[in-house]
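A short write-up of the structure that comes next.
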Amino acid sequence: MYKDDLLAGKKVLVTGGGTGLGRSMAEHFRRLGAAVVICGRRQDVLAQTCEEVNARDDAPEMTWKGCDIRDAQAVHDMVEAIWSDGPLDVLVNNAAGNFISRSHELSSRAVDAVLGIVLHGTSYVTLACGKRWLAGEHAGNVLSIVTSYAWTGSAYVLPSAMAKAGVLAMTRSLAVEWGPHGIRLNAIAPGPFPTKGAWERLVPRPELAERFEQKNPLRRAGRHEELTNLACYLISDQSGYVNGEVVTIDGGEWLQGAGQFNFLSEMTDGDWEAIKPKKK
Ligand SMILES: CCC/C=C/C(=O)SCCNC(=O)CCNC(=O)[C@H](O)C(C)(C)COP(=O)([O-])OP(=O)([O-])OC[C@H]1O[C@@H](n2cnc3c(N)ncnc32)[C@H](O)[C@@H]1OP(=O)([O-])[O-]
Ligand SMILES: NC(=O)C1=CN([C@@H]2O[C@H](COP(=O)(O)OP(=O)(O)OC[C@H]3O[C@@H](n4cnc5c(N)ncnc54)[C@H](OP(=O)(O)O)[C@@H]3O)[C@@H](O)[C@H]2O)C=CC1
């Protein structure tokens with residue numbers, strides 16, 4: 001779909017790039033010539049992803065940094081290390097945490113677990129990069145992965161909905177504040193794209209995965225390549241006049257019926273009990 005060198009010469013950080021959609025995006029950026037760095041908490045996962053991907057061909061080497069983005073000092077150290085051999089060009093805020101739960105049963109730690117990753121962590125990484133771009137008068141590009149319920153809200157994923165709404169507000173705020181300095185910020189709002197991380201936590205019964213497909217106007221889930229193509233465009237210079245935008249890629253799901261998880265009102269008390277985390 002794109003010229004092989006669309007992203008040549010760009011240094012890209014994908015948070016949470018060791019798994020799922022982050023990994024798919026990182027692989028596609030690399031195939032188009034980008035020098036990609038992925039980060040996450042599980043270093044074994046990151047190392048294995050890089051090993052598998054780098055063995056495939058001679059595209060630029062993908063590298064990794066272990067980093068828990070909830071920790072502002074760890075973010076500072078990671079960003080310093082990335083800048084040590086030249087500035088970053090693109091940040092993709094993809095790392096997230098989420099689970100389904102009845103909201104009245106959420107503990108304060110459960111709320112913090114999701115807000116800490118999605119809202120605080122994303123802002124730490126974005127501000128750490130933005131400060132360096134501004135100080136170095138270097139153009140920057142931030143792409144954040146949100147969801148359609150960032151603006152519709154959704155039952156049963158309250159902390160995620162609150163946090164993703166915050167990330168969208170950050171995107172629109174900084175697009176205006178940093179635009180004059182050549183820094184663009186955009187977002188992608190995916191509908192359901194099967195990944196191990198999302199499905200383990202959000203689809204407790206197999207038939208609910210089918211519901212995602214049945215209730216979608218296109219009667220299917222998204223394919224990773226469809227999302228990664230969009231991401232490549234948004235981080236490339238070809239989208240140079242797109243700023244502060246959120247692009248939905250959900251087959252028309254949210255227009256059909258807002259609130260991605262509202263249909264879980266069908267779950268019984270027994271269903272909710274069965275998926276509660278076991279106390280450690
Ligand atoms: C498809 C649609 C959109 C998709 C969007 C996505 O983001 S997909 C991306 C999907 N990918 C990911 O999410 C990947 C990353 N996700 C993760 O690492 C974990 O799922 C995490 C978000 C819980 C954070 O882990 P952590 O190690 O920081 O946390 P911890 O284990 O120590 O628990 C802290 C507190 O949370 C509580 N709690 C936990 N689960 C549940 C639950 N089901 N119910 C209720 N509560 C729950 C737990 O009991 C504890 O509270 P307590 O008992 O002490 O008061
Ligand atoms: N799949 C879907 O249908 C949808 C996904 N999304 C969004 O897409 C993105 C990717 O999700 P998906 O690929 O499905 O899920 P994954 O669980 O595969 O991806 C989440 C990634 O984030 C990393 N991560 C989590 N917490 C932290 C942390 N504190 N510091 C650093 N990294 C962290 C995880 O690695 P580790 O645990 O090793 O830290 C993991 O690699 C997320 O933003 C999600 O909200 C939005 C709508 C729909």
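Computed over heavy atoms, backbone and side chain alike; hydrogens, waters and symmetry mates excluded. All residue numbers refer to positions in the sequence shown, counting from 1. Just so it is clear, the model here is predicted, and its values are computed rather than measured.
For Asn243 (side chain) and Arg184 (main-chain N/O), no donor-acceptor pair under 3.5 Å exists by modelled atom type. Judged purely by atom type and a 3.5 angstrom limit, Asn186 uses its side chain to pair as donor or acceptor with the backbone of Glu245. Between the side chain of Thr171 and the backbone N or O of Leu185, no donor-acceptor pair lies under 3.5 Å. Side chain of Asp77 to backbone of Cys67: no donor-acceptor contact under 3.5 angstrom is found. Looking at Asn262, its side chain does come within 3.5 Å of a backbone N or O of Ala258 through a donor-acceptor pair. Looking at His76, its side chain never comes within 3.5 Å of a backbone N or O of Asp71 through a donor-acceptor pair. Here the side chain of Lys11 pairs a donor or acceptor atom with the backbone of Ile82 at under 3.5 angstrom. Side chain of Lys164 to backbone of Gly153: no donor-acceptor contact under 3.5 angstrom is found. Side-chain atoms of Arg201 come within 3.5 Å of backbone atoms of Gly197 as a donor-acceptor pair (strictly under, hydrogens ignored). Under the 3.5 Å distance criterion, the side-chain polar atoms of Ser123 are matched with a main-chain donor or acceptor of His120.
Contact check for Met267 versus Arg205: side-chain heavy atoms found under the 4.5 Å cut-off. In this structure, Leu230 and Val247 have side chains that are in contact, with non-hydrogen atoms separated by less than 4.5 Å. Residues Leu91 and Thr15 are in side-chain contact: their nearest non-hydrogen atoms beyond the backbone lie under 4.5 Å apart. In this structure the side chain of Leu143 reaches within 4.5 angstrom of the side chain of Ile188, judged on heavy atoms. Between Leu32 and Cys232 the shortest side-chain heavy-atom distance falls below 4.5 Å. Put simply, the side chain of Asp271 does not reach to within 4.5 Å of the side chain of Pro204, judged on heavy atoms. Looking at Thr195 and Glu200, their side chains never come closer than 4.5 Å, going by heavy atoms from C-beta outward. For the pair Leu264 and Trp272, the minimum side-chain heavy-atom distance is below 4.5 Å.
There is a path of hydrophobic side-chain contacts, each under 4.5 Å, that joins Leu168 to Ile117. A continuous path of ILVMFWY side-chain contacts below 4.5 Å connects Val79 to Met170, so both sit in one hydrophobic cluster. Hydrophobic clustering, with ILVMFWY side chains joined whenever heavy atoms are under 4.5 angstrom apart, groups Val242 together with Leu227. At a threshold of 4.5 Å between side-chain heavy atoms, the hydrophobic network of Ile, Leu, Val, Met, Phe, Trp and Tyr places Met78 and Val12 in two separate groups. The cluster map of Ile, Leu, Val, Met, Phe, Trp and Tyr, joined by side-chain heavy atoms under 4.5 Å apart, puts Tyr149 and Ile249 in different clusters.
A distance of 15.0 Å separates CG in Asn98 from OH in Tyr156, rounded to the nearest 0.5 Å. Distance check: Leu158 CG to His104 NE2 gives 12.5 Å after rounding to the nearest 0.5 Å. Once rounded to the nearest 0.5 Å, the distance linking CG of Leu21 with CE of Met25 reads 6.0 Å. For the atom pair CG (Leu202) and OG (Ser160), the distance works out to 8.0 Å, reported to the nearest 0.5 Å. Taken from OH in Tyr233 to CE in Met1, the straight-line distance is 10.0 Å, to the nearest 0.5 Å. The line from NZ of Lys196 to OG1 of Thr19 is 9.0 Å long, rounded to the nearest 0.5 Å.
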Steps toward side-chain contact (heavy atoms from CB on, under 4.5 Å) verdict (Gln238, Leu6): CA-CA 9 Å; Gln238 299 301 314; Leu6 181 77; 3.8 Å; yes
Step-by-step side-chain contact (heavy atoms from CB on, under 4.5 Å) determination, Val157 to Val114: CA-CA 10 Å; Val157 282; Val114 175; over 6 Å; no
Pair Lys65-Leu13, side-chain contact (heavy atoms from CB on, under 4.5 Å): steps then yes or no: CA-CA 10 Å; Lys65 303 262 182 248; Leu13 169 62; over 6 Å; no
Stepwise side-chain contact (heavy atoms from CB on, under 4.5 Å) check, Arg172 with Val246: CA-CA 9 Å; Arg172 290 173 168 153; Val246 54; 3.6 Å; yes
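Between Trp133 and Trp178, the ring center distance fails the sub-6.0 Å criterion. Taking the six-membered ring for Trp, Phe212 and Phe261 have ring centres closer than 6.0 Å.
Ion pairing between Glu225 and Arg223 fails under the 4.0 Å rule for side-chain N and carboxylate O. A salt bridge links Glu273 with Lys276: at least one charged nitrogen is closer than 4.0 Å to a carboxylate oxygen. Using a cut-off of 4.0 Å between Lys/Arg side-chain N and Asp/Glu carboxylate O, Arg70 and Asp112 are scored as not salt-bridged. A salt bridge links Lys10 with Asp237; the closest basic N to acidic carboxylate O contact falls under 4.0 Å. A salt bridge links Arg220 with Glu226: at least one charged nitrogen is closer than 4.0 Å to a carboxylate oxygen.
Of all the heavy atoms in Pro60 and Gly33, the pair that sits closest is CG-O, 3.5 Å. Between Leu208 and Phe263 the shortest heavy-atom distance is CD2-CE1, 3.7 Å. Here the closest non-hydrogen pair linking Pro192 and Trp199 is CB-CH2, 3.8 Å. Considering every non-hydrogen atom in both Ala163 and Leu119, the closest pair reads O-CD1, 3.8 Å. Residues Gly22 and Val14 approach most closely at O-CG1, 3.7 Å, considering heavy atoms. Residues Ala165 and Ala150 come closest through the heavy atom pair CB-O, 3.3 Å.
Counted within 6.0 Å of CD on Gln214, heavy atoms from surrounding residues, nucleotides or ligands total more than 12; the atom is thus considered enclosed.
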Cut-off 3.5 Å, no hydrogens considered: what does the side-chain donor-acceptor table look like for residues 41-53, sequence neighbours left out?
from, atom 1, to, atom 2, distance (Å)
Gln48, NE2, Glu52, OE2, 2.9
Thr49, OG1, Gly18, O, 2.8
Thr49, OG1, Val45, O, 3.0
Glu52, OE1, Arg23, NH1, 3.2
Glu52, OE1, Arg23, NH2, 2.9

